[in-house]
Amino acid sequence: MKVCYSVNGKKKEFEIKAGEVLLDVLRRNGYFEVKGNCYMGTCGACTVLIDGLPYTSCTMLAAKVDGSEITTIKGIGTLQKPHPLQKAFVEKGAVQCGFCTPGIILVAYALLKNNPDPTDDDIKKMLDGNLCRCTGYVQQIEAVKLAAKMLKKGDE
Amino acid sequence: MKDFKHIGTSTDKIDALSLATGQSMFVDDISFPNMLHVKFLYSSYAHAIIEDIDTTLAEKHPGVEMVLTYKNTSRVIHTTAGQGWPEPSPYDTYMFNKKMRYIGDRVAAVAAETEEIAREALKLIKVQYKVLPAVLDMEDAMKDGAPIIHDEPEIKGAYDIKHNLAAHILVKVGDVEKGFAESDVVVEDTFEVPYAQHCPIEPHVTITYLDEYGRIVIRTSTQVPFHVRRIVAQVLDIPVQKIRVIKPRIGGGFGVKQEIILEDVCAYITMKTGKPARALFTREEEFVSSRTRHQMKVNVKIGAKKDGIFNAIRMYVLSNTGAYGTHALTVASNAGSKTLPLYNKAPNVEYIADVVYTNLPIAGAYRGYGATQGYACLEQVVDEVAHKLELTPLEIRKKNHIKSGETSPIFRALGEGREGVTQYMQSCALDELIEKGAKEIGWFEKYGKKTRNGSKVRGIGMSIHMQGSGIPLVDMGAATLKMNEDASFNLMYGGTDLGTGLDTIVTQIVAETLGIKPEQVIVYAADTDLTPFDVGAYASSGTFISGGAVLRAAMKIREQIFEVAKEIFGEYDERDFVLEDGKVTSKKTGKSVTLSEIAYQTLYVKNQHQIAATGSMVSPYSPPPFAAHFVEIEVDEETGIITPIKYVTAVDCGTPLNPELVRGQIIGALVNGLSYALSEEYKFTDSGRMVSSNFMEYRIPSTRDIPEIVPIVVRTYEPTGPYGAKSVAEININGPIPAIGNALYDALGVRVHKVPYIPERVLEAIRSKK
């Protein structure tokens, strides 16, 4: 069957199989920036924004989100024009292997949209579903706080 | 302390922005037309022989390209351990085999057009097993009459297969029995440290394809590209030259990717079919069928004189290598060699290890590499000695730990599976680490106070550690640098950045040596066709060995640049030259030439040649980094839950080449160690099936599990390392088990002898004390 998503602002039709999850549809169509393969929603690496909210795409049925706006990590900033969160993750040393990074940044992006001035605790609660085995999280929490500061200063 | 321009500054990690914007390419981020997808069938029995296997239906299944079993694949005995040649691990493994040695052992593989088809086809394979009695317990495995796990005649390098012993170590210095007899106090205790998995968020993944000349290209998530090339060549019985291994960005390793698991199968499929092949582990496969940490039972006995000086130490390690002996000998060696030299005052030391095969998942390399298990016991027994002598944990360690200028006979007696190399400490800040850490945790105000709040009691504990920097006279890395017109340099080196930041560290080393900016260095790494050899990323060798190789290459480039400058200046003594800010200047004559001018001249104009050099690094030194760990915990007497409140790690890694990356390694290893101490657990059924094979049942930490963490870096200068650096990647995983164990004792006066310290065990310890 066919569905239509707007991915990073571009409308596109996708052929999907019965029961297929969004992660597989996206990766099959070349959106390799969406990582993850636990298929249980437990690691968070496959997180994308669906109509602005973070979901694990490995547990989201592709058919269910027909017509939605989907944002991957490439939809919030680029190598040439990174989002403050992406800059802050670099500056704070919050990226090691980087496999979990897109998911974590997208969750933080959704957090900062709703809560521009989060406490450590807010950040910890929001990022709780995104596992990272490299960093130990300290630098990621610092990066989210730095990005919040940068955004407040209008550094978009 | 020397003054550096780029060394010691937190240059941004060169791949960080690419990763944070989703640009970077991991192994699985490419796809080929006609690519085959590989899925595996695993043994449902812990110990069995396949009497027959019928793959007819699977082979006929539409979309299936080939089915691999022991019947149609090459039978070459080898080890999957990605170690230097000749590997110190026993040769006990085949690509596919009739003999099944654990639930999760490879029975067959299907290569099909899609993953779904491959999975369906697996169900059509009929296997007839002859089930054999299994042995799941380490002690049972060594007994006379135990089922023999490796009974095939080709096995090589195992110690005593009749008793399921993959390896055995016995090292003696002095006379421990006499030492104990002459001691004023003798303390002995045993701790059991469990199975664990590395849990890189990217599991094992490999894609193979043929290049236009028919050579096999292996694009794989590995820590050891050159060992992959050598071992795949061995298993497939083809020349090394037919294989190219490429490591792109990889999603974490921590030791589990120091292993050849998927590469041989994919390469075999590509060789036979001519088609690209892809294998990607599921999380469950990662837990069950990749590699784990060696479960160990560690016994330590220490005899000390009244003044607290150790007189004799004996360590006995019983290690479980599971179904195959990968890293069996060397992990067990390290449990002693990376721990016992720390207490070099004892004239009598004995280290004994038995490494047994069992019908359980395969152990392998894991950050810490045996030292983690050794310290789990040693550092708790050291506290017990202190208590007996009414010394504080700080005092007893200060009296006994190794210091600058000192050595330990263990360095020579116990190497990586063979005799080691004598090491004299040239940098060691342990006293300062202990002092600074104690101050930060509030040791003197809090120790022994047992502050109570209802059922919750606070306690603090500490431990000290060392590791190494590469394997002396074994590990080798090499690097090639070449100069371009704009004074940029291509750096091709074999070092393998797993996400640690090694590719960034090496740009800083080149920049410092050549007086340029780190961003003028274009790094290309870990490709067996295009980069020089490097053993890979393990044994805390990255900065010291791979970084050392890069430094050597850069020093040669420096000389070549000076040769050209001499010609241009008409001068003869390079001691007059300064190389900085992108130019060579003569202090004597004031003449100056930019590196770009030198590049243009040598490439196009006069005495034309390519300024380029290769440097190799192998070292008789393996300078240990040191660490002192301090933790404050709160333990709830009613629930048994231990909550770490604050964790302080004071670390001496020589010169921290990039402080932000150093901090990342410290915290990352520490948090991994914390959950190893508190929550991570392999649960097995009575038949040996691992059942906690997902992140819901096997708990690795998330943001909410971390305490306040304070890393303290004490800068020293290690003369044998690049710009004074030692390693830092592994050491900090070693602290949490003993430090929390000691804190628990401080709070409640109990010890939990089996890790992890889950609430049931803590409650049990409290009950048995009462």
Side-chain angles (χ1 to χ4, degrees), chain A residues 17 24 27-28 30-40 42-45 72-80 82-83 85-103 105 121 123-141, chain B residues 10 12-13 15-26 28-31 115-116 198-203 205 249-254 280-283 497-501 658-661 663-672 674 694-696 700-706 709 711:
Chain A
K17 297 172 204 163
D24 290 347
R27 287 188 62 84
R28 188 150 48 75
Y31 295 96
F32 288 123
E33 69 270 29
V34 189
K35 309 295 181 196
N37 86 332
C38 77
Y39 293 98
M40 292 175 91
T42 48
C43 83
T72 74
I73 191 69
K74 286 189 177 171
I76 71 158
T78 62
L79 206 50
Q80 290 72 31
H83 185 271
L85 267 165
Q86 292 165 320
K87 283 195 236 172
F89 266 63
V90 174
E91 194 178 320
K92 282 287 165 190
V95 181
Q96 283 191 33
C97 84
F99 197 79
C100 69
T101 310
I105 290 183
D121 218 40
I123 299 168
K124 283 187 178 183
K125 274 182 192 155
M126 191 73 178
L127 295 184
D128 184 42
N130 290 71
L131 298 179
C132 167
R133 193 59 150 173
C134 294
T135 64
Y137 305 107
V138 173
Q139 287 151 308
Q140 296 177 349
I141 295 164
Chain B
S10 293
D12 286 343
K13 194 162 169 290
D15 51 351
L17 190 60
S18 168
L19 290 160
T21 52
Q23 302 293 330
S24 283
M25 301 285 275
F26 291 81
D28 201 31
D29 297 346
I30 57 168
S31 184
E115 284 187 73
E116 294 91 308
H198 320 60
C199 301
I201 306 300
E202 176 206 46
V205 54
R249 296 338 289 165
I250 88 161
F254 317 108
L280 164 68
F281 264 170
T282 63
R283 186 53 59 187
D497 187 334
L498 319 177
T500 51
N658 182 318
E660 199 66 75
L661 292 176
R663 195 164 77 105
Q665 287 303 306
I666 294 173
I667 300 171
L670 169 64
V671 169
N672 190 336
L674 276 174
N694 60 65
F695 285 142
M696 277 186 292
I700 72 169
S702 78
T703 43
R704 283 208 261 195
D705 300 312
I706 55 167
I709 295 170

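FYI, side chains are in, hydrogens and waters are out, and symmetry mates aren't considered; it's all heavy atoms of this structure.
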- Is the side chain of Gln139(A) donor-acceptor paired with the backbone N or O of Glu660(B) at a distance under 3.5 Å, no angle test? yes

- Query: Would a 4.5 Å heavy-atom cut-off, applied to side chains only, mark Val138(A) and Arg663(B) as touching?
  - Reply: yes

- Note on the structure: Taken to the nearest 0.5 Å, the spacing of Ile700(B) CD1 from Leu131(A) CG works out to 4.5 Å

- Message: What I'd like to find out is whether the side chain of Phe32(A) reaches to under 4.5 Å of the side chain of Ser31(B), using heavy atoms alone.
- Response: yes

- Would you say Lys13(B)'s side chain and Gln96(A)'s backbone share a donor-acceptor pair under 3.5 angstrom? yes

- Message: Can you tell me which of Ala16(B), Gly253(B), Ser18(B) forms the most heavy-atom pairs within a distance under 4.5 Å of chain A?
- Response: Ala16(B)

- Side chain from CB out, backbone as N, CA, C, O: work out which of these in Leu280(B) comes under 4.5 Å of a heavy atom of chain A, or both, or neither. side chain

- Which atom names give the shortest non-hydrogen contact between Cys134(A) and Phe254(B), and what distance separates them? SG-CZ, 3.7 Å

- Item | Structural part of Ile141(A) lying under 4.5 Å from a heavy atom of chain B | side chain

- In this structure, OH of Tyr39(A) is separated from OG1 of Thr282(B) (nearest 0.5 Å) by 10.5 Å

- Minimal heavy-atom distance between Ile201(B) and Ala45(A), with the atoms involved, is CG2-CB, 4.0 Å

- So do the side chains of Val205(B) and Asn37(A) get within less than 4.5 Å of each other, counting heavy atoms only? no

- Message: With chain A as the partner, which of Ala669(B), Ser10(B), Pro701(B) has the greatest number of non-hydrogen pairs under 4.5 Å?
- Response: Pro701(B)

- Query: So how far is it from Leu17(B) CG to Thr101(A) OG1, rounded to the nearest 0.5 Å?
  - Reply: 11.0 Å

- Is any side-chain heavy atom of Gln23(B) less than 4.5 Å from a side-chain heavy atom of Glu33(A)? no

- Considering only heavy atoms and a distance below 4.5 Å, find which of Gln140(A), Lys92(A), Met126(A) pairs most often with chain B. Lys92(A)

- Message: For Gly22(B) versus Lys74(A), what's the shortest heavy-atom pair and its separation?
- Response: O-CE, 3.1 Å

- Task: For chain A, find which of Gly501(B), Pro200(B), Pro203(B) contributes the most heavy-atom pairs closer than 4.5 angstrom.
- Result: Pro203(B)

- Message: Counting only non-hydrogen atoms closer than 4.5 Å, does Leu79(A) touch chain B with its backbone (N, CA, C, O), its side chain (CB onward), both, or neither?
- Response: both

- Message: I'd like to know if the side chain of Arg27(A) and the backbone of Asp28(B) have a donor-acceptor N/O pair within less than 3.5 Å.
- Response: yes

- Query: Can you tell which of Leu127(A), Asp121(A), Asp128(A) makes a side-chain contact (heavy atoms from CB on, under 4.5 Å) with Arg704(B)?
  - Reply: Asp128(A)

- Message: Return the OG1 to CD1 distance between Thr703(B) and Ile123(A), rounded to the nearest 0.5 Å.
- Response: 9.5 Å

- Short question: side chain of Tyr137(A), backbone of Val671(B) - any donor-acceptor pair under 3.5 Å? no

- Nearest 0.5 Å please: distance from the CG atom of Asn694(B) over to the SG atom of Cys38(A). 9.0 Å

- Exam field: side chain Asp12(B) to backbone Lys87(A), donor-acceptor pair closer than 3.5 Å: no

- Message: Nearest 0.5 Å, please: how far is SG in Cys97(A) from CG in Asp15(B)?
- Response: 10.0 Å

- Side-chain heavy-atom pair Glu116(B), Lys17(A) within 4.5 angstrom cut-off: yes

- For Thr21(B) against Pro82(A), the heavy-atom pair lying closest together: CG2-CB, 4.5 Å

